[in-house]
There are 2 protein chains.
Amino acid sequence: MALKHTILAFLSRQPLSGYDVAKEFAEGFGSCFWKASQQQVYAELTKLEQQGSVTYEAIPQPGRLDKKIYSITGQGQQELLDWLTKPCEPTAIREDLGVMGLAGHLVPSSVVIREIERRRQLHLDMVQQVKKLDQHFAQNLDALELKDLYMHLIIRRGIRYQEEWVTWCDEALAAIAQAVNR
Amino acid sequence: MALKHTILAFLSRQPLSGYDVAKEFAEGFGSCFWKASQQQVYAELTKLEQQGSVTYEAIPQPGRLDKKIYSITGQGQQELLDWLTKPCEPTAIREDLGVMGLAGHLVPSSVVIREIERRRQLHLDMVQQVKKLDQHFAQNLDALELKDLYMHLIIRRGIRYQEEWVTWCDEALAAIAQAVNR
DNA sequence: TCGTTGTATTCAAAAATTTGAATACAAAAA
DNA sequence: TTTTTGTATTCAAATTTTTGAATACAACGA
């Protein structure tokens, strides 16, 4: 389970509130690599706190519930470290669009084409979004410390992934158009 | 949920036993796009059968449980068709290795390097494996009917995905080596 | 002949993820 | 000024996925 470890990893970089962690999953690093809902994040933070992997400092907020700023503990850091040291397995793409490859012939080709065109645009937008994440790290690459270099490299993987989808959409659209006009 | 629809899609191509479907997920198309365990497949097939989306013909086998050959029904085909017609959203990569980007600096760079080298080999193996799936379809591309063209295209996506990981591993290893020797 | 691999199905429990809410106030935009 | 967006947390339920078994026989190789 990487949700737990992804949260620990976020907190190993800086203390964050649950809201901030959820935002990381929705908009930042997580948007490309690992999505988690607010509820999942809050539930996991509560569990991690009970287990002693994280602690929080409650910031009183006038007239509403305290804001909790979570930090990783020594124990949490050790857990993360142990996990990082163990080999991890690649995961399947788990992409709904794949089903089109199996059964696309059941729907009119126009439906397939429309869907691929839609996806092309979505991935194009994602390229821009993920590139923004990289802006901070992509500057003077030669002087980057390891911490930032790792971040840069993995973000590059995300960018490439999205770019590859755009390329694939173009190729697929061309191939389908050719086959249909035959 | 694409498990249901992936199973329906398999069965839309040909009738299969639960064992065969599970094999598709483990070794065939699914190995790259959507993994599901045997138990998941059998449970889902039972549910689909109860709902009338699939039927099975029981093949008696001397001395053991019947073998069930499942086929998609008209209703199942309609469900699949409806699902394919609806737009689908891209999914996050959901890759454990991503956590390295966030917190790789907590472990010695040798650990990161070893892990990336290991992953490189795994993806290299996957490239070969997925290319095998394509063999049947990659022949005389210009005469491929749509059904097979779609399959070919989506398998190409899987090949590229694995190849991209290999390329990324190479780039990452080079960049890390350079940073460490600085 | 003995172990391994492959065919074939089923049960049960635990863990993870998704979905749908509700609450509450501040700040910015319409 | 009214609505929308953003900050911030929590509860509950349903669904999905993972993990760990158990059963049974056939075929193949050592």
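The shown structure was predicted, so the numbers you read here are calculated from the model rather than taken from an experiment. To find a chain, count down the sequence lines: A is the first, B the second, and so on, and within it residues start at 1.
Proximity of residues 11-19 of chain A to DNA chain C (heavy atom under 4.0 angstrom from any strand atom) is not detected for any residue.
A straight line from CG of A:Asp20 to P of D:dG6 spans 15 Å, rounded to a whole angstrom. Between the CH2 atom of A:Trp34 and the C1' atom of C:dT18 there is a distance of 14 Å, given to the nearest Å. Distance CG (B:Leu3) to C1' (C:dT17): 14 Å, rounded to an integer number of Å. Computed from coordinates, the A:Glu27 CD to D:dT5 C1' distance equals 12 Å when rounded to whole Å. Atom CD of A:Gln38 is separated from atom P of D:dG6 by 13 Å (rounded to the nearest Å). The nearest whole Å value for the distance from the NZ atom in B:Lys47 to the P atom in D:dT17 is 9 Å. Here D:dA8 presents its C1' atom at 13 Å from CG of A:Leu45, a figure rounded to the nearest Å. Rounded to an integer number of Å, the gap from NZ of B:Lys68 to C1' of C:dA8 is 11 Å.
Relative to the ring axis of A:Trp168, B:Arg156 does not place its NZ or CZ within 45° and under 6.0 Å from the centre. In this structure, A:Arg160 forms no cation-pi arrangement with B:Trp165, as its terminal cationic atom is not both closer than 6.0 Å to the ring centre and no more than 45° off the ring axis.
Here B:Tyr42 reaches the OP1 or OP2 of C:dT9: one of its side-chain N or O atoms lies under 4.0 Å away. For B:Lys23 and C:dT7, the shortest distance from a side-chain N or O to OP1 or OP2 is below 4.0 Å.
Listed candidates were D:dT17, C:dA8, D:dT9. Nearest to the side chain of B:Lys67 is C:dA8.
B:Thr91 contributes a side-chain N or O that, together with a main-chain N or O of A:Arg94, makes up a donor-acceptor pair within less than 3.5 Å. Under a 3.5 Å cut-off, the side chain of B:Arg182 and the backbone N or O of A:Asp142 do form a donor-acceptor pair.
Under the 4.0 Å criterion applied to side-chain N and carboxylate O atoms, A:Glu89 and B:Arg118 are assigned as salt-bridge partners.
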Below 3.5 Å between N/O atoms, which protein atoms pair up with nucleotides 18-20 of chain D? Just atom names and distances, please.
unit_1 : atom_1 : unit_2  : atom_2 : d
D:dT19 : O4     : B:Gln39 : NE2    : 3.4
D:dG20 : N7     : B:Gln39 : NE2    : 3.3
D:dG20 : O6     : B:Gln39 : NE2    : 2.5

Atom pairs and distances, donor-acceptor, side-chain atoms in residues 50-59 of chain B, under 3.5 Å, two or more places apart:
unit_1  : atom_1 : unit_2  : atom_2 : d
B:Ser53 : OG     : B:Glu79 : OE1    : 2.9
B:Ser53 : OG     : B:Glu79 : OE2    : 3.3

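For B:Tyr161 and A:Tyr161, the ring centers are positioned less than 6.0 Å apart. Remark: aromatic rings of B:Phe25 and B:Phe10 are close, center separation under 6.0 Å.
Listed by chain and residue number, nothing satisfies the ring pair (Phe, Tyr, Trp, His ring centres under 6.0 Å) test with B:Tyr150 (two or more places apart in sequence, or in another chain). In this structure B:Asp170 satisfies the side chain to side chain contact (heavy atoms under 4.5 Å, CB included) test together with B:Arg120, B:Val166, sequence neighbours excluded.
Recorded end-axis angle for the helix from C:dT1-D:dA30 to C:dA30-D:dT1 stands at 40°, based on five pairs per end and rounded to 10 degrees.
Across A:Gln128, A:Gln129, A:Gln121, a single residue satisfies side chain to side chain donor-acceptor pair (under 3.5 Å) together with A:Asp125, and that is A:Gln121.
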